[in-house]
Amino acid sequence: MTEAVPLAPPRRLPVWWMILPAVVLLGGFLILPYASIVVMSFREASTSAVYGDGFTIGHYTEVITDPFVWGIVWRTVRTAAIVTLVTLLLGYPVAYHLARTRSRWASLLYICVISPLLVGLVVRTFAWLIILSNSGMANSALKAAGLIDRPILFLNTPLGVTIALIHVFLPFVILPLLGNLQAINPEVAMAGRSLGASRMRTFFKVTLPLSMPGIQAGAILVFVLSMSAYVTPAMLGGTKGRTMAVLVVQYLVDNFRWPAGAALAIFMAVLTVSIIVLYLRLTARAMRRLP
Amino acid sequence: MTGARKTLWDHVFTLLVALIYIFLIAPILLVVLLSFSGGEFLALPMEGVSLRWFEALFSNSRFYEAAVHSFSLALVSALVNGVIGTLAAIYVIRFAPAHLTNPLRVLMSAPLMVPEILTAIALLFFFFEVGVGNRWSMAIQIGHILVTFPYVFLNVASALFNFDRSQEEAARSLGANGWLTFRRVTLPAIKPGVITGCLFAFVISFDIFNISLLLKSVGKNTLPLELFDYLRYNFDPTAAAVATVSIALTFVAVLIVDATVGLRSLRF
Amino acid sequence: MTTLRLDRINKFYGTLHILKDIDLDIAQGEFISLLGPSGCGKTTTLRCIAGFEAVSGGSIAFGGRDMTRAMPEQRDLGMVFQSYALFPHMTVAENLSFGLEVRKIAPADRERRIAQTLEMVRLTGYEKRFPRELSGGQQQRVALARALVIEPAVLLLDEPLANLDASLRDDMRFFIRDLQQRVGITTIYVTHDQGEALVMSDRIVVMNRGVVEQCGSPREIYERPQSLMVADFIGQSNTLTGRVTGREGELYVIATEDGPLRTHGAPGLAGEVRVMVRPENIGTAPGDNTLRGRVVKTTYLGASCLLNIETAAGSRFTTHAPADSPLAPGSEVTMGFAAHKAWAFAA
Amino acid sequence: MTTLRLDRINKFYGTLHILKDIDLDIAQGEFISLLGPSGCGKTTTLRCIAGFEAVSGGSIAFGGRDMTRAMPEQRDLGMVFQSYALFPHMTVAENLSFGLEVRKIAPADRERRIAQTLEMVRLTGYEKRFPRELSGGQQQRVALARALVIEPAVLLLDEPLANLDASLRDDMRFFIRDLQQRVGITTIYVTHDQGEALVMSDRIVVMNRGVVEQCGSPREIYERPQSLMVADFIGQSNTLTGRVTGREGELYVIATEDGPLRTHGAPGLAGEVRVMVRPENIGTAPGDNTLRGRVVKTTYLGASCLLNIETAAGSRFTTHAPADSPLAPGSEVTMGFAAHKAWAFAA
Amino acid sequence: QQPFVIPTYGGTWAKLWEETLVPEFTSATGIQSQIDVGLGKDFVSKIRAGGGAAPYSVFMGNENIAATLRAEGFFEPLDMSKIPNAANLYDGLINTGNNGLRAIVSPIGLAWRTDMIQTPPKAWTDLWENPEYAGQIGLYQIGNTGAQLFLRLAGRLFGSGDTDIDTAFTKIKELQPFTQASWSGEVAAQLMRGDVAIAPVDWTEILTLQDKGAPVEIIVPEEGVLSYEQSFNIVKTGPDKEAAHAYINFLLDPKIQSILADTFYVSPANREAVISEATSPRLPVQGEAMSKIIRFEWDNYIDVAAEVADRWNREIG
Ligand SMILES: Nc1ncnc2c1ncn2[C@@H]1O[C@H](COP(=O)(O)OP(=O)(O)OP(=O)(O)O)[C@@H](O)[C@H]1O
Ligand SMILES: Nc1ncnc2c1ncn2[C@@H]1O[C@H](COP(=O)(O)OP(=O)(O)OP(=O)(O)O)[C@@H](O)[C@H]1O
Ligand SMILES: NCCCCNCCCN
Ligand SMILES: [Mg+2]
Ligand SMILES: [Mg+2]
């Protein structure tokens, strides 16, 4: 008696085609090219050709057993972690403020937030050079304020790199967080207050856990970006602030060591992915609680 | 938000936020300031005020061409990723089988996690292997799309996470099909994420260095490369003037968006 | 003619069996109320009908066509969600306009219908407000208006009036019923207000823990419940356990701790039964059945006064007295009720 | 002793004047119901009391201390939000635990109180569920439990039972009232269910368009409304316009289109007045006042039957008859009501 | 027909090529051409990635960089008959086997801030000997050709020769702490900011600074100068070797050499080139003095270059 309607089951219609363009992009222009790079990373080095004919895992063992590399890895990870932490700490209040403000100037504040992105990377980095040099604005101001008598060495140290990265990556935590905070029903925080929790407590127990997706997005972005940042550490970090990305470029571009550089770069990528996966594992519990 | 009087903590918070805003804007103001320098060097203290660096800028057609090239790369990257990144995020968050969700998320963020220089070399190799090399103007564009893809993906994914699905059900119950529901209900709701993602894609594309360096087609240059090359040989405020002009243009664009759509539409 | 048929619908959330073999046949233009305790599966049933939940078993047919796996938008329905689910980025008028636009109604017509519907839900003047700028009740009325303005074939209403005051509820009820009958909309109405269900429905479905307990006309449900659950759930009831000892014509004779009672009841009863009498059917004069008891408590209800009465055998009864009744706790009372006002069903 | 005093509270949203000079004195342990049409400002009033909205004018005092600008958490309150506002990332038990942890209740004590409260709201066994895994009514009960478990000094309840079925509502009402009286919690209860308000409240506040229309005991509000709005809003009423023509002892004599009526009423009435009679006070036998009319419509209500009656002069009356009353539309009826059951107030 | 691709550097270099050299080249030879801006290293990557089909027919870059590609077999010897101007080159600018020649020479001297340094330097060794310079010295990073030149110079000055890398490292470590720069413009900026007071830099940079009124001075150290020498090579897999030869010949033209000297303060490679009166007194390394340029052999050094760079990174930073 019933004639079946030939239809896909509910919420099953828009399926894999949605991810098809992305898969083509990533598969065709990332995975595929990387495949030959991975192969290259196992090639023997040569000075009479781009790489030798034989295969070796030597580049990897060299990279992985090299304390010098590990020193730079550690500096890179530490810098990235500090930058991530500080951008979260500084970005959260701004996102929170921007999410709640009813000020007429909100648009202007928004521009303020994205302003680091409005100036190109190169010019921005030069601005930091001017601010952070030994006789630069920062040191002059600190000296004028009587806080220091000898200039703080910002440049050619991880410190300067960290400051400049924090600056440019702040928008990357503020904006995702802003969207997240705006999506939280304000009455939920009110409920916390009504139960007698102080603003602090309500924040830490209610608002903060509910903004985990925003924190996630921001933290991952900033961490990964800091890990792979090149221009800023190259220009501000000198040799003492050198990071993995800078080392990779040295291998590949300055010293023409493609197989070894590829191995180093792949090692760095694997490291980054591992840290992210670890981080996702660690925060999975908190995320599972969210709707 | 509450009827409470301002406490010390309120003032501390306001001060803190104000300081962060200053931190964000100060280097940019410095650049703008320096572009009006009368001196020869991109340095402080400034020796007088002049517009000469703007003259120098406008007499240099390379900057103009590079800026146009960068702009078109960035725009295309933002638009293309706005579509495919959003679709991918919707698939991964909404439809992907549970066991594939995390692997897909990692894959979709992969361009971020591999060093850009290696990606650049890999692509360079690849494009030569397939025989198009540096003569194909799409090579650099593809590189830009690839590298900026995760920004859209991640932002849209996080917006989807916060989205209350019952609104979609309401739309379906009113007879809207999947597409219409998406366009009229889901998209407006995740719009802040999409806009943020596209914005990131745009500015990142504008800043991409290594990919552009190796993949640019013969005879073309992007603005960061041009600026870097310029500053390498002329450490003068012309570069600051370039930045000031681009800030001014963006500012005007933002003001127009604010006046027409309203930046507030980024929230709801 | 059947417009909507649920055939042995089952639904699981994980391992929780939420809906168990739900069968339901609804005729074109019929108004069905879904009643049942909180958490019994009413919303889930509506969501299955709407197509938001894939059923774990069974089938759903609209107008004879199997629609078990059809998309929600292919089912031509209007739904009021328990949580409203208004579009936060659209004004009130835009919320209403959405469904009309989908249906490609001409702009002029659209505006007329929106204005009309907003007037019906008493929200004229609120067209340009956003949902967040409305009170709870106002939001609920927008949700209602949004579902009604499209005049769908099937209307699913999930407690659509829960946040409205009595006089608005009256108006809205009238409005819904009027539209429903005028347009001939098949309606499933979830409500926790039994009065509402009794007044509005062609039939009432009582659900309990995922199964349909009873399905029938309001009078059947109210006066001839088939189980204690239904008797207790719909309206106030006094029940006594007893056992059938004989018949007197149409009536059963039932032995209880408070003495023998004459009642009518479901056909074919025997053995252990329950006898139910509604408070409003108990008078203070002796009747077919007469009991004596003592007032335990009185409660002022405005229109009347609620008496809690205990018999010598310890059975508790509730009944109504006029608001200014002189009966105080402790007073002795006589309770009488007609045999055809008492109803027996299997225990 | 006054615990809570609102002194000329005003509230604007933009240019909209939402609350206008709200005055309210609430005694320690008093149970106040806030009634009024949808959108009249009930939720806004609660939010001002809780401290979530800055008042635009006036002051709020708790226990004699000015708290107009105090933080919400300093006010020792429990609140049930109309939208529940459960913590979505916490289980049911954690939602309840939150307020107890803030109050530094020892873990063992905490668990006991959570278990107890969950049992009261019939949610034992749901401790580990997240709000999204609950039905609407279950969520509402969690919201209620969360506010009650902390046994606050002041309880603000915004339609806390709107999504519950009648028998759960009864249980919850009892639970709330019991706890409230046992602990002595000052309670402000927003409801659209007048019956609830009449049964539970020490006093009822009727609001309308941002002002307090009348404040008094349930009996006062129900039997002696001071305005047409209150008469119409609370319960069902029949009103007639008339004019005072004289007095008979305590009673007014009022000329209406349907003839002279004898009523009691607010002191000092003269000129145009309105006379109100509740449906349940109209009998079918002649009384102090007797009118004749014709049945226009009958509605089955389960417990009774609603009659709409029109008099020769065209006035419309509503009254109740037994459910099995033989009166059909068209029948002639006599309506009688006692003078002390009719109430006159200024028009 | 694709236009002939001329690789060159950015900034003022690109400007000169675009505005002057390319039009001149086209009018002189009739060859349509187009510049492609980058650094020598970038051209290397593209030629390497190009495999059998390089995007360039001519390579331009520092000789030590060119040596790498040459060793990998990407270049072929010049056909000198197509480059008549090469006959007038100063000695030592043509590679053995005609495998590449150097057409642009930017000598590297010792430069200092006149307002920060009391006693001007006279020799490279002053860097080690004058305590006044301690802590104010700037050197190139190992990624820059300048650092490799300086390292080998140190080997030659203090050790057994320019391949005495061990001694070189020992001596360079004696100069610590010093600031490193990745390219000349950066040294210039460091000098201007006062982060550095004395450093090896090329004339190009220092004279440009002087033109802008900066208090800097540069000398030819007693031991001689180092130099950035831009090596020009024919790419074996390039599409248009005829044009490549014509282009190299064009660059060696005396007139073009004079233009380069006026613009970048480079020392002309062609004996016939005339330096303008304004420029000439400021360019001490010309004519006879061209023999004061200290050159090193790169073809073997490239075998250890990566190792040396690595060692620099580890031991010096
Ligand atoms: N953000 C706002 N902007 C403008 N008007 C608002 C806003 N919030 C509420 N209102 C208006 O204020 C009035 C009072 O709202 P409130 O929520 O207090 O009503 P209520 O009495 O609780 O109604 P209900 O019974 O429907 O919940 C309503 O008319 C509403 O439209
Ligand atoms: N996501 C879920 N996971 C587990 N159980 C669920 C989930 N959603 C609903 N339930 C359970 O399913 C049952 C039926 O829920 P449903 O919402 O249909 O009830 P309801 O009859 O509408 O109740 P109410 O009158 O309270 O709205 C409830 O007991 C509820 O706890
Ligand atoms: N500043 C003088 C020019 C030096 C050019 N160096 C180019 C480096 C190529 N790898
Ligand atoms: Mg429900
Ligand atoms: Mg409300």
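Quick caveat: nothing in here was measured; it's all calculated off a predicted structure.
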Measure the spacing between [atom1] of [X] and [atom2] of [Y] and express it to the nearest 0.5 Å.
X      : Y      : atom1 : atom2 : result
C/M90  : B/Q167 : CE    : CD    : 8.5 Å
C/S97  : B/R184 : OG    : CZ    : 7.0 Å
B/S166 : C/R47  : OG    : CZ    : 8.5 Å

Check this for me: [X], atom [atom1], are more than 12 non-hydrogen atoms of other residues, nucleotides or ligands nearer than 6.0 Å?
X      : atom1 : value
C/Q116 : CD    : yes
B/F71  : CZ    : no
C/R112 : CZ    : yes
C/Y13  : OH    : yes
B/Y64  : OH    : no

Heavy-atom check, side chain of B/P188 versus side chain of C/F87, under 4.5 Å: no
pair B/K191-C/H89: side-chain heavy atoms closer than 4.5 Å: no
Atom group of B/N177 that falls short of 4.5 Å from chain C, counting heavy atoms: both
Passing option when B/R172 is tested against C/M79, C/E73, C/Q74, C/R75 for side-chain contact (heavy atoms from CB on, under 4.5 Å): C/E73
